[in-house]
Participant: 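Sharing a structure below in structure tokens format, with a few things to ask.
Please read these numbers as outputs of a predicted model, since none were measured by experiment.
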Amino acid sequence: MATSTESNNAVDGSSSTNGALGAATQIPPPLSPHRKVALITGITGQDGSYLTEFLLGKGYEVHGLIRRSSNFNTARLDHLYVDPHNSHKARMKLHYADLSDASSLRRWVDSLHPDEVYNLAAQSHVAVSFEIPDYTADVVATGTLRLLEAVRSSSKKGIRYYQAGSSEMFGSTPPPQSETSPFHPRSPYAAAKCAAHWYTVNYREAYGLFACNGILFNHESPRRGENFVTRKITRAVGRIKVGLQTKLFLGNLSAARDWGFAGDYVEAMWMMLQQDEPADYVVATEDSHSVEEFLEEAFGHVELNWKDHVVIDKRYFRPAEVDSLRGDSTKARKVLGWKPKVGFKELVRMMVDNDIELAKREKVLVDAGYMDAQQQP
């Protein structure tokens, strides 16, 4: 499954203590009639892992769809793993599928009979979408259509569907951006997300699906992929602090984003599917900061000056920039009763603290000769 940070323990009755997946796909046994069932695409990503934790805490049985990979990519889920042979304890199960394969989506929706479907999977790196636009459109836009069609045609009626939108859909629309603001996408990724958004609206209006779009503004965490600018910064701060790196190469420092904590945002996803009527919601902190401000907070947290380490590299500038995103989440706050718990400074410090500890562990490997200290300039 194409995922954003996109991130194997066991699948369909096969097990492993190191995350290996079984080769065969088997239909799982019937589930407890008293437990809600959730199906998540993109379960191995940042949002998928937090949502899985949240739903397990609510007593759900959680099933995740993942792509086959030669490398284990379930690190974000390893702490939730229970050998599926312990069927009375294993409430998270993983299955092979892909948003580019309609038959696999139909098979799992039809066999699992989920109460809720969360479509979080995507090729969600904006810069990369300029390099692989066809793939991005196929997975993000058409992949959503394939999943919606699987839900619509399922023998189980009343499935509630969540579609992960993105603030990137607003693009050059001036802030603050709300549910009624026009979309003006500035990347293949954002354009594909706009298509996915309108597919979801269409299936809600045409077929009566309980389908919601969550237009989530930037949300980060220590589980964010390391090629996203926020995590790239905090990883560099940790490595610089312990002497493993000296320089950090970045692009546009003036771009401003509404950054929140991913753990807060997955609760809003769930809340949308608990309402009496389906609707679309912007989820945001309503507080915007530039990349430069993020640098100041991150480096300042460990008493470093970012100007001593950051180098501007033109290769990291996008062909079409999005200057400023700041959400208006009034509707989500009033209707859902949702509000963010983690503020900007707390978020940055959380990420830096995590990456300081990670860098310290890396340094042990470097000092022991198991890792090349010159991998970064």
Participant: Could you tell me the separation between the CD1 atom of I215 and the CG atom of D328, rounded to the nearest 0.5 Å?
Facilitator: 11.5 Å
Participant: Tell me whether R146 is salt-bridged to D98, with the criterion being a basic N under 4.0 Å from an acidic carboxylate O.
Facilitator: no
Participant: Please tell me whether Y60 and E116 have a donor and an acceptor in their side chains that are separated by less than 3.5 angstrom.
Facilitator: yes
Participant: Is the F344 ring parallel, tilted or perpendicular to the F294 ring (thresholds 30°, 60°)?
Facilitator: perpendicular
Participant: Between D355 and R231, is there a salt bridge with N-O shorter than 4.0 Å?
Facilitator: yes
Participant: Using a strict 4.0 Å threshold on nitrogen-to-oxygen distance, state whether E297 and R349 make a salt bridge.
Facilitator: yes
Participant: Considering the options E293, E168, E220, which one meets the salt bridge (Lys or Arg N to Asp or Glu O under 4.0 Å) requirement together with R257?
Facilitator: E168
Participant: S69 and N71: side-chain donor and acceptor closer than 3.5 Å?
Facilitator: no
Participant: Thinking salt bridges, do R223 and E53 make one under a 4.0 Å N-O criterion?
Facilitator: yes
Participant: Taking the basic N atoms (NZ, or NE/NH1/NH2) and the acidic carboxylate oxygens, is any pair closer than 4.0 Å for K360 and E357?
Facilitator: yes
Participant: So, K241 side chain and I356 main chain: donor-acceptor pair closer than 3.5 Å or not?
Facilitator: no
Participant: Looking at every non-hydrogen atom in both residues, tell me the closest pair between A192 and A137 and how far apart they are.
Facilitator: CB-CA, 4.1 Å
Participant: How many angstroms lie between CD in E362 and CZ in R235, if you round to the nearest 0.5 Å?
Facilitator: 4.0 Å
Participant: Side chains of T234 and N354: do they bring a donor and an acceptor to under 3.5 Å?
Facilitator: no
Participant: How far does CG of D258 sit from CG of N218, to the nearest 0.5 angstrom?
Facilitator: 7.5 Å
Participant: Of all residues at least two apart in sequence or in a different chain, which pass the side chain to side chain contact (heavy atoms under 4.5 Å, CB included) check with N202?
Facilitator: A206
Participant: Have H301 and D353 got a donor and an acceptor in their side chains that come within less than 3.5 Å?
Facilitator: yes
Participant: Rounded to the nearest 0.5 Å, what separates atom OG1 in T41 from atom CD1 in I66?
Facilitator: 12.5 Å
Participant: Quick one: do D280 and R204 satisfy salt bridge (Lys or Arg N to Asp or Glu O under 4.0 Å)? Show the steps, please.
Facilitator: CA-CA 11 Å; D280 305 325; R204 182 171 68 214; 2.8 Å; yes
Participant: Check whether the ring centres of W270 and Y162 lie less than 6.0 Å apart, and answer yes or no.
Facilitator: no
Participant: Relative to the ring of H95, is the ring of H63 parallel (under 30°), tilted (30 to 60°) or perpendicular (over 60°)?
Facilitator: parallel
Participant: With the threshold set at 4.0 Å, does a side-chain nitrogen-carboxylate oxygen contact exist between K331 and E179?
Facilitator: no
Participant: Looking only at the aromatic ring of each residue, does the gap between the centers of F183 and F170 stay below 6.0 angstrom?
Facilitator: yes
Participant: Quick one: name the residues clustered hydrophobically with L358, using the 4.5 Å side-chain heavy-atom rule over I, L, V, M, F, W, Y, and just say none if it's on its own.
Facilitator: none
Participant: Take K93 and E61 through the salt bridge (Lys or Arg N to Asp or Glu O under 4.0 Å) test and state the conclusion after the steps.
Facilitator: CA-CA 8 Å; K93 297 181 175 67; E61 178 109 19; 2.9 Å; yes
